[in-house]
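Quick caveat, the model's predicted, so the values are computed rather than measured.
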Amino acid sequence: MDLFDNQKIVRLLRLLLAGITFISLFFILLRPIIDSDFFWHLATGRWIVEHRTLPESDPFNYTTPAVISSREHFILTSYWLCQILYYGIYYVSGWNGFIISRFVILGAIIYFIYKRAGDSDSIIFFSLMTIAMIVFARMYPLERPQVFSFLFFAILLYLLDEMKRNSRAEDQQSSSVTERQSDRATVASADSPIHRFTYCSLPLLMLIWANMHPGFIVGQGVIVIYLLTEGLKFFYPSLGPMAKSSYIKFLVSGTAGILVALVNPAGYSAIVEMWHVSELPSMTGNVDHLSTTISFKEFYTPDMPVYWLLLTTAIVVLFYGIIRKTVTNKTISKAPSPSPSPTRGEGNNIAPPLLRGDILHVSPPLLRGDILHVSPPLLRGDILHVSPPLRGGDKGEGDLCGFIYELLSNIRNIIFLVGLGYFSFTQLRYIAFFLVWAIPFISGSLTEAIRTSNKGSNETEIFHSNTKENENVIPAVLKRESRNKDTGCPIKNFGHDGIEVFSYQTFVIRYISLFLAFSVIAFLTIGQKEFKYFKNISSFKGGQWVSNSFPEDAVSFILSNNIKGNMYNYFDWGGYLIWRFYPEKKVAVDGRNLYDFQYAQDNSILIAALEPKIMGTPYYKAILESFRVRYMLIPLFAGGGEMLPIVGEMIKDREWVPVFFKANSMVLVKDTPENQDVIRSHSIPMDVFVSYLFGMLNNSIWNSPGNFRLYLARGDLYYSLLRFKEAGEEYKKVIEFNPFNEAARYKLELIAGHKKGEK
């Protein structure tokens with residue numbers, strides 16, 4: 001007996017999967033707020049509420065030109081509704097509100113994915129959902145506007161699928177059929193509130209989406225795909241098109257959704273600007289725009305192999321299903337027609353009326369346009385199997401027609417797989433869209449493959465009624481496996497001899513999916529120490545959720561000492577500094593990337609570019625002087641672990657004086673008259689500063705000896721002090737831990753060049 005046929009075991013496994021998923025997500029969602037861009041959205045929401053208008057110029061950055069371009073206007077205004085929502089959450093509930101919103105948003109995404117899954121095998125679906133949602137929660141900060149695009153994408157797919165189901169329900173309602181002949185569940189569903197408001201809710205969804213995040217462009221593309229693929233079916237009636245009246249409603253609703261999305265501050269130019277912004281160097285260098293291969297190579301994250309596994313599975317199940325149906329339909333078309341069954345209670349010479357689920361074999365298969373005479377006539381709801389629907393001949397032509405038919409039947413899934421698969425593989429920010437679409441598709445396809453395999457190799461979609469009167473009409477091998485709606489358990493059918501048909505394929509697929517779910521959960525959560533966030537539950541009491549990786553103490557030092565002049569700040573801290581400094585001070589750079597040329601200049605400062613020299617001054621120093629920068633707020637070490645080259649230059653530069661360092665932040669002040677007071681009070685000798693850096697690194701390596709980034713940082717510090725031998729030893733340790741690390745290999749090449757030059 002199949003282990004999964006036991007309803008108690010299935011319930012237990014579902015509860016276990018749900019419990020592990022909830023616990024894992026619970027700990028992951030208790031992470032502190034670490035995304036800097038979130039803060040400039042929050043600050044912009046505060047500015048909009050205070051000024052009761054949208055910004056027409058940049059209020060936070062002193063390097064942005066006074067006259068802004070359409071691109072800059074697009075970035076400043078495209079998120080206004082979400083930004084007001086964020087500030088409202090903060091105003092009402094503080095930082096706790098954003099942690100709670102994480103659970104609400106992720107729960108809503110899971111709910112709409114679940115609704116689209118239909119009658120998928122519960123074990124397979126929950127296994128895939130568990131894997132996908134943990135990867136999703138680990139990869140994306142759930143307090144950024146992009147998460148609303150992921151949520152609205154899930155809702156949009158659900159609404160579009162509901163329109164299709166609503167079309168079938170309306171078609172059944174319009175026919176005068178008896179209760180026995182109609183599908184009660186489908187007819188009843190047409191009266192549900194969600195169906196009555198589906199068509200008008202789609203434009204409303206797109207209107208809200210367009211004013212919360214530019215990702216609404218993805219939604220417009222999805223609507224176009226649905227409209228075109230449903231319209232295509234009218235040219236091939238065998239594909240099962242909508243009723244024309246339903247398609248007209250669908251067309252009007254979808255077109256309205258596409259058009260109302262243009263009611264946003266940027267209008268139709270939002271589409272053009274979004275495309276241009278994604279091509280700028282300041283955006284392509286962003287982590288969200290990295291490809292999955294580069295991300296894995298640079299960060300060694302385990303999420304990427306899991307995503308690759310899901311992508312490969314989606315490709316396999318799609319084309320396996322197409323090929324399987326093509327081959328199966330060819331087999332059916334050549335199968336001999338069975339002898340008619342005797343009429344129940346009447347003479348054997350009269351063919352019985354077809355009951356719902358009875359199978360009618362037509363041999364030879366009908367060509368397109370042939371007329372089939374059935375006596376007695378089919379009742380509404382009876383199922384007629386003619387396979388393949390389009391057939392050119394008994395040889396290769398028939399195979400080709402069947403294959404083309406299956407491609408047309410799956411054209412929408414093919415478009416989604418190719419489109420979302422390509423974009424998610426090449427840019428991390430699209431992986432969430434792929435997961436939202438793929439989980440119901442993969443689980444549904446695997447479920448269909450399992451159920452079809454259980455019915456025998458010579459039949460395709462065969463439906464049956466479990467009523468007693470049909471028991472002797474349909475052979476047991478042709479009966480479709482039905483499922484308990486409450487538990488998701490398969491209800492096996494028995495033949496005349498009472499022997500249960502057992503499917504090892506069903507057991508193996510479920511077992512493998514369950515095994516993968518548990519192993520991936522362990523790898524991504526326990527193995528990655530996500531459970532460490534459990535202690536953050538206590539943060540609800542004080543409402544302190546901002547990560548200590550932000551320079552809170554350094555900000556307080558700058559404000560309390562009233563350091564004068566313009567500030568140069570680390571790019572990744574820009575959004576947080578906007579929130580903390582406005583209106584007292586402005587930042588130099590931040591994650592909005594409003595002025596792309598300044599992004600290039602910022603890179604030159606970070607790498608301490610010496611060339612080209614401007615009137616004998618190194619390039620990075622010339623940039624700092626052009627903006628009259630008088631103090632710096634930078635980290636000792638970047639997020640990847642390496643020491644910023646600008647720090648090494650500052651160690652050797654007598655013009656800049658360290659006045660503050662704590663944890664991973666430092667403040668340096670230029671030795672000018674305007675800041676002599678803070679220099680006299682807080683200057684730190686450079687040798688003390690360097691000793692502090694080594695002490696911090698040595699302590700971190702002692703606590704985390706397997707973290708290759710720490711060795712990279714210590715090597716960079718040695719390198720900045722021209723201690724090449726010690727630096728080379730550190731870089732070799734990095735390569736032992738991470739053979740793909742290009743930074744360490746590059747520095748080893750530079751050291752080799754220095755040694756060669758010395759000789």
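You'll find the side chain of Phe550 reaches within 4.5 Å of the side chain of Val546, heavy atoms only. The shortest distance between side-chain heavy atoms of Leu721 and Phe694 falls below 4.5 Å. Contact of the Phe637 side chain with the Leu697 side chain is registered, since non-hydrogen atoms from C-beta on lie closer than 4.5 Å. Residues Leu668 and Phe660 have side chains not in contact (no heavy-atom distance under 4.5 Å, counting atoms from C-beta outward).
Less than 6.0 angstrom separates the ring centroid of Phe98 from the ring centroid of Phe38. Checked against the 6.0 Å centroid criterion, the rings of Tyr90 and Trp95 qualify as a close aromatic pair. Ring centroids of Phe296 and Trp308 are separated by less than 6.0 Å, placing the two rings close together. Taking the six-membered ring where the residue is Trp, the centroids of Phe150 and Phe136 are separated by under 6.0 Å. Remark: aromatic rings of Phe737 and Tyr711 are close, center separation under 6.0 Å.
No side-chain N or O of Thr292 forms a donor-acceptor pair with one of Tyr307 less than 3.5 Å apart. Residues His41 and Gln83 have side chains that bring a donor and an acceptor to within less than 3.5 angstrom of each other. Inspection of the Asn566 and Tyr631 side chains reveals no N or O donor paired with an N or O acceptor under 3.5 Å. Donor-acceptor pairing under 3.5 Å is recorded for the side chains of Asn698 and Arg714. No donor-acceptor contact under 3.5 angstrom links the side chains of Gln598 and Asn593, judged on distance only.
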Report the C-alpha separation of Leu85 and Phe148 in whole Å, then their side-chain angles, then the decisive distance to 0.1 Å, and conclude whether the side-chain contact (heavy atoms from CB on, under 4.5 Å) test is met. CA-CA 12 Å; Leu85 175 63; Phe148 286 101; 3.7 Å; yes

Stepwise ring-ring contact (aromatic ring centres under 6.0 Å, His included) test for Phe661 and Phe689: CA-CA 8 Å; Phe661 60 84; Phe689 178 66; 5.4 Å; yes

Check the pair His213 / Phe152 against ring-ring contact (aromatic ring centres under 6.0 Å, His included), numbers first and verdict last. CA-CA 10 Å; His213 189 264; Phe152 293 148; 9.8 Å; no

Please step through ring-ring contact (aromatic ring centres under 6.0 Å, His included) for the pair Tyr570 and Trp573, ending with a clear verdict. CA-CA 6 Å; Tyr570 181 48; Trp573 289 345; 5.6 Å; yes

Would Phe434 and Phe425 count as a ring-ring contact (aromatic ring centres under 6.0 Å, His included) if you check the C-alpha gap in whole Å, the side-chain angles of each, and the deciding distance to 0.1 Å? CA-CA 10 Å; Phe434 171 78; Phe425 187 81; over 10 Å; no

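A salt bridge links Glu726 with Arg723: at least one charged nitrogen is closer than 4.0 Å to a carboxylate oxygen. The residues Lys621 and Asp653 are annotated as salt-bridged, a charged nitrogen and a carboxylate oxygen being separated by less than 4.0 angstrom.
No option in Asn211, Val260, Ile258, Leu259 other than Val260 meets the side chain to side chain contact (heavy atoms under 4.5 Å, CB included) test with Met206.
When atom types are taken as modelled, the side chain of Tyr568 and the backbone of Leu624 share no donor-acceptor pair closer than 3.5 angstrom. A donor-acceptor contact shorter than 3.5 Å is absent between the side chain of Tyr533 and the backbone of Pro32. Judged purely by atom type and a 3.5 angstrom limit, His51 uses its side chain to pair as donor or acceptor with the backbone of Trp47. Remark: side-chain polar atoms of Ser36 are paired, donor with acceptor, to backbone N or O of Gly575 under 3.5 angstrom. For Arg628 (side chain) and Glu625 (main-chain N/O), no donor-acceptor pair under 3.5 Å exists by modelled atom type. Ser704 contributes no side-chain N or O that, together with a main-chain N or O of Ile701, makes up a donor-acceptor pair within less than 3.5 Å. Judged purely by atom type and a 3.5 angstrom limit, Ser683 has no side-chain atom pairing as donor or acceptor with the backbone of Arg680. Remark: side-chain polar atoms of Asn569 are paired, donor with acceptor, to backbone N or O of Val589 under 3.5 angstrom. Without hydrogens or angle criteria, Ser295 side chain to Ser291 main chain gives no donor-acceptor distance under 3.5 Å. Side-chain atoms of Asn536 do not come within 3.5 Å of backbone N or O of Ser539 as any donor-acceptor pair.
In this structure Lys613 satisfies the salt bridge (charged side-chain N to carboxylate O under 4.0 Å, His left out) test with no other residue, sequence neighbours excluded. Evaluation of the side chain to side chain contact (heavy atoms under 4.5 Å, CB included) rule for Asn61 yields Asp58, Thr63, Thr64, Val587, Asp590, Arg592 as partners, not counting sequence neighbours. Partners of Ser556 under the side chain to side chain contact (heavy atoms under 4.5 Å, CB included) rule, at least two apart in sequence or in another chain, are Glu552, Arg580. Here Arg52 pairs with nothing under the salt bridge (charged side-chain N to carboxylate O under 4.0 Å, His left out) rule; sequence neighbours left out. Annotation: side chain to side chain contact (heavy atoms under 4.5 Å, CB included) contacts of Ala266 (sequence neighbours excluded): Phe74, Asn264, Ser269, Ala270. Not counting sequence neighbours, the partners of Ser70 by the side chain to side chain contact (heavy atoms under 4.5 Å, CB included) test are Glu273.
A 6.0 Å sphere centred on CD of Glu584 holds more than 12 heavy atoms belonging to other residues, nucleotides or ligands. Atom NZ of Lys662 is surrounded by 12 or fewer heavy atoms from other residues, nucleotides or ligands within 6.0 Å.
The nearest pair of heavy atoms linking Trp656 to Met686 is O-CE, 4.3 Å. A pairwise comparison of heavy atoms in Tyr619 and Ser604 identifies CE2-OG, 3.4 Å as the closest pair.
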